[in-house]
Number of protein chains: 2
Amino acid sequence: MEEHSVNRAKSEPKNGSMQATVIAEMRRRIIKGDIEPGAPLSELALADEFGVSRTPVREALKQLQTEGLVEIRPRVGTFVTIPSRREITELFEMKELIEGAAARLLAQRGRVPEIDLIERNLREADEAVERDDRERYAELVQEFHDLLIAGADNSKLEAHYRMLMNQLAYSRLVNTSLSQPGRATQSDREHHLVLELILAKDGDSAEQVMREHVRASRRALLASLPISGGQGKFGTASS
Amino acid sequence: MEEHSVNRAKSEPKNGSMQATVIAEMRRRIIKGDIEPGAPLSELALADEFGVSRTPVREALKQLQTEGLVEIRPRVGTFVTIPSRREITELFEMKELIEGAAARLLAQRGRVPEIDLIERNLREADEAVERDDRERYAELVQEFHDLLIAGADNSKLEAHYRMLMNQLAYSRLVNTSLSQPGRATQSDREHHLVLELILAKDGDSAEQVMREHVRASRRALLASLPISGGQGKFGTASS
DNA sequence: GGCCCCGCACTGGCATACAAGAAGCAGTAA
DNA sequence: TTACTGCTTCTTGTATGCCAGTGCGGGGCC
């Protein structure tokens, strides 16, 4: 079944390398949550699905392992990693750190193109909040944070940030945290405050407020998370 | 030629996996500077040297690529990455960020075992500075920073830190920066100050001072770096 | 009925063979 | 002399086959 997947994969071997295609697609699936944490990934099955041999699949999984998205247990199997509750806390600590730094750096840079994009983003976000369009607002939140990182103009920072977000499967989570009543409104306000401080070139305060914002978003998220059993996986999936 | 390398590799397949051995060994060589930046790494040659086939070598290089230590140009070859001057700056920005955060976290944790180790480390460092033992002091500096990170008790932070340090080939550089006259003394003083603030549980100040310390060490390093041509590689190696 | 042991099926690890692109070099023509 | 063209020889990318360790289930033994 699902042979269209094969076709789609073959039709866009973007850079010509099959493993790049496999990596991108598998990463997308894991982050988006198409595959639930802990699920086994058979090299053979994937090779079959993508219409390639095991080799590129193996190398793709290997890379996803170093990115922290899957765990390869030798001679046993490859599984989507299940972040423990502790790891989630750690990841958020890093998120707070990096985004805070990004706000500071952006403030120091002065008026750069990203600032304009952020302003536009916030205008749209205001409208989305106004009409209670939670889905659109979630997108804009993600974009806001991405713009902030991009505006920091530090490729290493961006790389580490991407890796963190992938491990957090963040896109899956934003919606959840916004389900808290009033969270969207507060989040939007916090974004505005951060931008103000950046425009005022007050790097210290921008960093501080941004950190607080991340902490708030974490609290909102953990509050709306189903208290999964002792092990601390995300949840028992929806299906 | 060099069959002893083969033997050594075979004699310690620590976790049983060959690629793990290759990864560790190649990482060591790159960081230590045995291979100069920009040098080509032939899969075949390495496979031959380690006495394995290309497969595990390929997977090892793939991982080193995601760690940022080598660059794989498709159909062309694999090369030790040459960090640009800009990248070095970015890496130091990240180092400042992460070590600052570690100091803050450690201050918040109160008296943990790592604190004792740091105190012991500083006592030894004082002695090393006293007798002008630059080599020993360099080791202790590295240990100080490692202890700080360990004391933060955040595995993600530690993982990202390790990755940064590998890319910076830091161990190669510490000695260089300490060649600045008076740098060792000042560095030691800064370490003491950071510890004081940590003991006083003043996370904010500890972070701030730690950041300043990293900036100072960066300045000392860049000042003593040979101004390598326009491209910004580390230098033309020593040998 | 319950427990243990052996074997089968599946996993990833590794070796090897083939394919295909990239780069340098030589030869030739202008 | 110089520039271009074609080839030769590298490189990595992919496919495939075999091997060894793991886990599970069936069958035998107690």
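Residue numbers begin at 1 in each chain, while the letters A, B, ... track the order of the sequences.
- Geometrically, A/R215 does not engage A/F92 in a cation-pi contact, judged by NZ or CZ lying under 6.0 Å from the ring centre and within 45° of the ring axis.
- Donor-acceptor pairing under 3.5 Å, judged by distance alone, is present between the side chain of A/R75 and the base of C/dG12.
- A/E90 and B/S155 share a side-chain donor-acceptor pair at under 3.5 Å.
- In plain terms, the two heavy atoms of A/M26 and A/I35 that are nearest each other are CE-CD1, 3.8 Å.
- Taking the nucleotide of DNA chain D with the nearest heavy atom to each of A/R54 and B/G77, the more 5' of the two is matched to B/G77.
- A donor atom on one side chain and an acceptor atom on the other are not found under 3.5 Å apart for A/S217 and A/S177.
- Using a 4.0 Å heavy-atom cutoff across all strands shown, B/L41 reaches sugar-phosphate atoms only and no base atom.
- When only modelled atom types and interatomic distance are considered, A/Q63 and A/E59 share no side-chain donor-acceptor pair under 3.5 Å.
- For the pair B/L44 CG and C/dA15 C1', the interatomic distance rounds to 13 Å; values are reported in whole Å.
- In this structure, the nucleotide among D/dG13, C/dG13, C/dA15 sitting nearest to the side chain of B/I72 is D/dG13.
- For A/S42, no side-chain nitrogen or oxygen approaches OP1 or OP2 of C/dC10 to under 4.0 Å.
- When each of A/V76 and A/Q19 is assigned the nucleotide of DNA chain D bearing its nearest heavy atom, the one mapping closer to the 5' terminus is A/Q19.
- Residue-to-nucleotide contacts include no donor-acceptor pair under 3.5 Å from the side chain of A/R73 to the base of D/dG21.
- Computed from coordinates, the B/R58 CZ to D/dT11 P distance equals 13 Å when rounded to whole Å.
- In this structure, B/I23 atom CD1 and C/dG13 atom P are separated by 11 Å, rounded to whole Å.
- Side-chain atoms of A/S53 lie closest to D/dT16 of the nucleotides D/dT11, D/dT16, C/dC14.
- Taking atom CG of residue A/D48 and atom C1' of nucleotide C/dC10, one finds them 16 Å apart after rounding to whole Å.
- As rounded to whole Å, 17 Å separates atom C1' of D/dA15 from atom CZ of A/F50.
- Of the listed nucleotides (C/dA17, D/dA15, C/dG12), C/dG12 has the atom at the smallest distance from the side chain of A/T78.
- Rounded to whole angstrom, the span from the CD atom of B/E43 across to the P atom of D/dC10 amounts to 16 Å.
- Minimum atom distance to the side chain of A/T55 is reached by D/dT14, of the listed D/dT14, C/dG12, D/dT12.
- In this structure, CE of B/M18 is placed 19 Å from P of D/dC19, rounded to the nearest angstrom.
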